[in-house]
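Down below is the structure, laid out as C-alpha cells.
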Amino acid sequence: MENPSHSQTTPLSYPPCFRPNSPQLSHQTNTPHDQTLELENDPLPVIDFQHIDLMKLEEACMDWGIFRLVNHDIPLTLMSKVHEHVYNVFDIGFETKQKMFESIPASVLSYFWGTPALTPSGVALYKDGDKQSDQGTISYNWVEGLNYPLSQGSLDFCLDQYPMVRDMRTLLEEYGVHQERIAKSIFGAMSQKLSICEENEGYLSPSTGILRVYRYPISFFDKSTKVWGMEAHTDSSVVTILNQYEVAGLQVLSPKDEWIDAKPIPNTLVVHLGDMMQAISDDKYKSVKHRVMVNRERERISMGYFVFPDNDCVIRSSNYKPFTYLDFRSQVQDDIKNLGVKVGLSRFKLNKDFYI
C-alpha cells in the first residue's frame, strides 16, 4: 500500500500550532516488509483469528492486555481504500477542513485536534486551564482526528456537498462491519474463559461502536523537545481494535513494566483490552497502558475501533462498586476537565481511595 505523495503545502493542512517555520516535508515512501520475519521478532502475543487458542488468548489478556491479531479476513483492498480516503481528507487545508466539519453534525462525523479526549457528542474536550489562541491550544497532544459513530446508519445526505467526505464515510461504514464481526468473536472467546453468562450479553454492545481515525503530524521541534501524540493512558472500552499504517509510534507497557514498540506489521491488527474488560473480568484481565510517540520524518495515520457496554448495563464485580459505562464516562470527563487526567477504574474500587 503506497501513501500519496506530500506536496510542499502539506503543513497548511496541519492545525497552525503544528506547522513548521519551513513548509518542507520529507517524502513518505514505503519500506518493504517481511511479515513472517517481523512476526518472529514481535514481542506481542499473536492470536490467529481463524483458529483462536483460548489458552493462549487468556494468557495474553492476563499478562499483556494486548495482542496482535492475524488472519482477520478484512480485504486488503478495503484497508487500502480507507487509508487513501482518510489521508486525502486530512490533507485538506486546516481552515477549510475546520469550517467544513463545523457544518456537519457531530453525530454524523466530527473533526478534532490537540486532544484525544472527546465529549459524548464528539466534540474535543479540553481541561480547565487550557488556553486558546489563534495558534491553537497552549497545552495539546500532537494529533488530529475524525470521530465516526457507527450507530448512525446511512446519513450521507448530510454530506452531499462534500463528496470526498461522503465517500470516506461509506468506506468507514463498510470497515466498521468487519470490526464489529471481529470484536464480537474476540469477546465471545474471552467470555468462554471467564464464564460470563448470557444475561450479561450487554457487556459488549455493537451499537456503541465508534471509529476514530488519527493523524499524528510530523514534529518539527528540536529532538530535545518532548511532544506526545498521546500521553500514557488506558482505553475506556471493552476492546479496541487498532489498524496501524506503516509508521511506528505506538508503545505499550509490557508485563515487565517496560515500554516497548508495537510496530506496524502489514495485514495485522492490534487488539487492546480496555477498562471495561478489566472490570468485567474482576481484574483478571488487564487494561493495557499505552502511548503514542510522534515522528520527525514521517506523519502517522492509525484507526481505532472502540466498543463499549450497553448504556444501561450495570457492571458488577467483586472489586468495584456497581456502575454503568455512562457512570464511568461521566466521571472520566469530569476528571479530565477538572484534574487534567483520567483517573479511571480506581474511582470505583471498593473500600479504596482513588489514585492518579
Side-chain angles (χ1 to χ4, degrees), residues 15 82 85-90 92 94-127 132 137 141 143-181 183-184 202 204-215 230 235-243 274-276 301-313 324-334 336-337 342:
V82 170
H85 278 70
V86 300
Y87 177 90
N88 289 335
V89 169
F90 277 130
I92 298 171
F94 172 71
E95 286 75 13
T96 301
K97 184 167 50 183
Q98 190 172 48
K99 184 176 180 181
M100 176 178 69
F101 280 104
E102 285 174 352
S103 69
I104 298 172
S107 60
V108 175
L109 187 66
S110 62
Y111 169 70
F112 60 93
W113 63 274
T115 175
L118 304 181
T119 67
S121 61
V123 178
L125 176 68
Y126 296 101
K127 64 178 181 286
Q132 301 283 327
T137 58
N141 290 94
V143 65
E144 62 175 333
L146 301 169
N147 183 72
Y148 171 39
L150 290 164
S151 62
Q152 293 305 308
S154 180
L155 294 171
D156 288 344
F157 65 88
C158 297
L159 305 173
D160 283 344
Q161 58 183 316
Y162 307 118
M164 181 188 297
V165 178
R166 181 193 61 212
D167 293 346
M168 177 195 70
R169 189 177 181 277
T170 299
L171 287 169
L172 290 177
E173 193 166 347
E174 182 181 352
Y175 181 78
V177 171
H178 288 282
Q179 296 295 284
E180 178 182 327
R181 166 180 63 85
K184 288 167 70 174
L204 183 124
S205 174
S207 66
T208 67
I210 295 171
L211 281 177
R212 286 186 185 156
V213 189
Y214 302 102
R215 177 166 81 161
M230 287 190 194
D235 290 343
S236 297
S237 58
V238 178
V239 294
T240 301
I241 305 174
L242 184 68
N243 185 356
D275 298 333
M276 297 301 97
I301 289 179
S302 67
M303 180 160 49
Y305 169 79
F306 303 82
V307 64
F308 307 89
D310 274 334
N311 287 337
D312 58 354
C313 175
T324 65
Y325 175 66
L326 289 182
D327 297 331
F328 185 85
R329 183 179 67 188
S330 177
Q331 185 64 63
V332 166
Q333 301 240 318
D334 286 346
I336 290 174
K337 187 170 172 39
K342 169 187 170 181

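Remember, predicted model here, so these are calculated numbers, not experimental data.
Side-chain atoms of K184 and L204, non-hydrogen and from C-beta on, do get closer than 4.5 Å to each other. Side-chain contact check for V165 versus H85: every heavy-atom pair is 4.5 Å or farther apart. For the pair Y305 and H178, the minimum side-chain heavy-atom distance is 4.5 Å or more. By the 4.5 Å heavy-atom criterion applied to side chains, V143 and R215 are not counted as neighbours. Side-chain contact between S302 and L242 is present, with at least one heavy-atom pair separated by less than 4.5 Å.
Rounding to the nearest 0.5 angstrom, the gap separating the CE atom in M100 from the CG atom in L109 is 8.5 Å. To the nearest 0.5 angstrom, L146 atom CG is 8.0 Å from K97 atom NZ. Taken to the nearest 0.5 Å, the CE atom of M276 stands 6.0 Å off from the OG atom of S236. Summarising the geometry, atom CH2 belonging to W113 is positioned 14.0 Å from atom CZ belonging to F90; distances are rounded to the nearest 0.5 Å. To the nearest 0.5 Å, the span separating CD1 on I241 from CZ on F306 amounts to 10.5 Å. The distance from atom CD1 of I336 to atom CD of Q331, rounded to the nearest 0.5 Å, is 11.0 Å.
Counting only N and O atoms by type, the side chains of T240 and D235 include a donor and acceptor under 3.5 Å apart. In summary, the side chains of D167 and T170 do not present any donor paired with an acceptor at a separation below 3.5 Å, with no hydrogens or angles considered.
Applying the side chain to side chain donor-acceptor pair (under 3.5 Å) criterion to T96, with sequence neighbours excluded, gives no partner residue. Remark: Y162 engages no residue in a ring-ring contact (aromatic ring centres under 6.0 Å, His included) (not counting sequence neighbours).
Minimum heavy-atom separation, E144 to P15: OE1-CD, 4.0 Å. Heavy atoms only, all atoms of each residue included: L172 and L211 are closest at O-CD1, 3.3 Å. Residue G122 comes nearest to S110 through the heavy atom pair O-OG, 2.9 Å, listed as atom of the first residue, atom of the second, then distance. Listed here is the closest heavy atom pair of S151 and S207: CB-O, 3.1 Å. Residues V108 and P149 come closest through the heavy atom pair O-CD, 3.9 Å.
Salt bridge D275/K342: present, at least one basic N to carboxylate O contact under 4.0 Å.
Ring geometry for F101 versus Y111: interplanar angle under 30°, hence parallel rather than tilted (30 to 60°).
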Do M164 and I92 pass the side chain to side chain contact (heavy atoms under 4.5 Å, CB included) test, and can you show the C-alpha distance, the side-chain angles, and the key distance before you say yes or no? CA-CA 10 Å; M164 181 188 297; I92 298 171; 3.9 Å; yes
Apply side chain to side chain contact (heavy atoms under 4.5 Å, CB included) to the pair F308 and S205, showing each step before the final yes or no. CA-CA 6 Å; F308 307 89; S205 174; over 6 Å; no
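Under the side-chain contact (heavy atoms from CB on, under 4.5 Å) rule, I210 has a single partner from V307, N147, L150, which is N147. Checked options S237, S330, P309; the residue passing with Y325 is P309 (criterion: side-chain contact (heavy atoms from CB on, under 4.5 Å)).
A donor-acceptor contact shorter than 3.5 Å links the side chain of D327 to the backbone of T324. Remark: side-chain polar atoms of Q333 are paired, donor with acceptor, to backbone N or O of L118 under 3.5 angstrom.
A cation-pi arrangement, defined by a distance under 6.0 Å to the six-membered ring centre and an angle within 45 degrees of its axis, is absent between R169 and Y148.
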